[in-house]
Amino acid sequence: QVQLVESGGGSVQAGGSLRLSCAASGYTSRPYCMGWFRQAPGKRREAVAIIYTGGSSTYYADSVKGRFTISRDNAKNTLYLQMNSLKPEDTAMYYCAADDTPCTLRAGAGNDYNYWGQGTQVTVSS
């Protein structure tokens, strides 16, 4: 059974940094895409950053470009999201997700992703 476990969330002041990690286990084959999604209260879930696990192609939401970096360590089955220059509007629950079917790097709520973590809260105060 595939499991995704996020860690690294917390509370920081604006301008601060956090690094999220997502430990994956239970795969029989590597997923095509892995990504970070977030959902703030009263808002739709949105893609923050996505990466192909078999290459280096990435997608970033316009709101995080230049501040967030997605990376992966296939040997450790771990996905990361380095978040710098955090803003109050980055406050949300952040979810790790994986898609083991052919996927595209694009915006959206990730409804076609078939594996999800439990989420980790990120709170940025002004």
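- With a 6.0 Å cutoff to the six-membered ring centre and a 45° limit on the axis angle, Arg106 does not count as a cation-pi contact of Tyr59.
- For the pair Glu6 (side chain) and Gln118 (backbone), a donor-acceptor distance under 3.5 Å is present.
- Summarising the geometry of Ala98 relative to Asn114, their closest heavy-atom pair is O-OD1, 3.0 Å, with the distance given to 0.1 Å.
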Asn77 vs Arg30, side-chain contact (heavy atoms from CB on, under 4.5 Å): CA-CA, chis, key distance, verdict: CA-CA 9 Å; Asn77 290 326; Arg30 193 172 63 197; over 6 Å; no

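- Considering every non-hydrogen atom in both Gln39 and Arg45, the closest pair reads NE2-N, 3.7 Å.
- Taking SG from Cys22 and CZ from Arg72, the interatomic distance works out to 13.5 Å, rounded to the nearest 0.5 Å.
- Without hydrogens or angle criteria, Thr120 side chain to Gly9 main chain gives a donor-acceptor distance under 3.5 Å.
- With hydrogens and angles disregarded, no donor-acceptor distance shorter than 3.5 Å links the side chain of Asp100 to the backbone of Tyr32.
- The minimum heavy-atom distance linking Ala14 with Ser126 is given by the pair CB-CA, 4.3 Å.
- Across Arg38 and Ala92, no two heavy atoms sit closer than the pair CB-CB, 3.8 Å.
- Within the hydrophobic cluster formed by Ile, Leu, Val, Met, Phe, Trp and Tyr side chains joined at under 4.5 Å, directly or through other members, Val2 is accompanied by Leu4, Val12, Leu18, Leu20, Tyr27, Met34, Trp36, Val48, Ile51, Tyr60, Val64, Phe68, Ile70, Leu79, Leu81, Met83, Leu86, Tyr94, Tyr115, Val122, Val124.
- Both Met93 and Tyr113 are members of a single hydrophobic cluster when ILVMFWY side chains are connected at heavy-atom separations under 4.5 Å.
- Asn74 and Thr53 get closest at one heavy-atom pair: ND2-O, 3.2 Å.
- Contact detail for Cys103 and Tyr52: the closest heavy-atom pair is O-OH, 3.1 Å.
- A salt bridge is defined here as a Lys NZ or Arg NE, NH1 or NH2 lying under 4.0 Å from an Asp or Glu carboxylate O, and Lys65 with Asp62 meets this definition.
- A distance-only check finds no donor-acceptor pair linking the side chain of Arg19 to the backbone of Gln82 [under 3.5 Å].
- Checked by atom type, the side-chain pair Asp73/Thr78 shows no donor-acceptor distance below 3.5 Å.
- For the atom pair Arg67 CZ and Ser85 OG, the distance stands at 7.0 Å (nearest 0.5 Å).
- Atoms OG and CG, from Ser57 and Leu105 in turn, are 6.0 Å apart once rounded to the nearest 0.5 Å.
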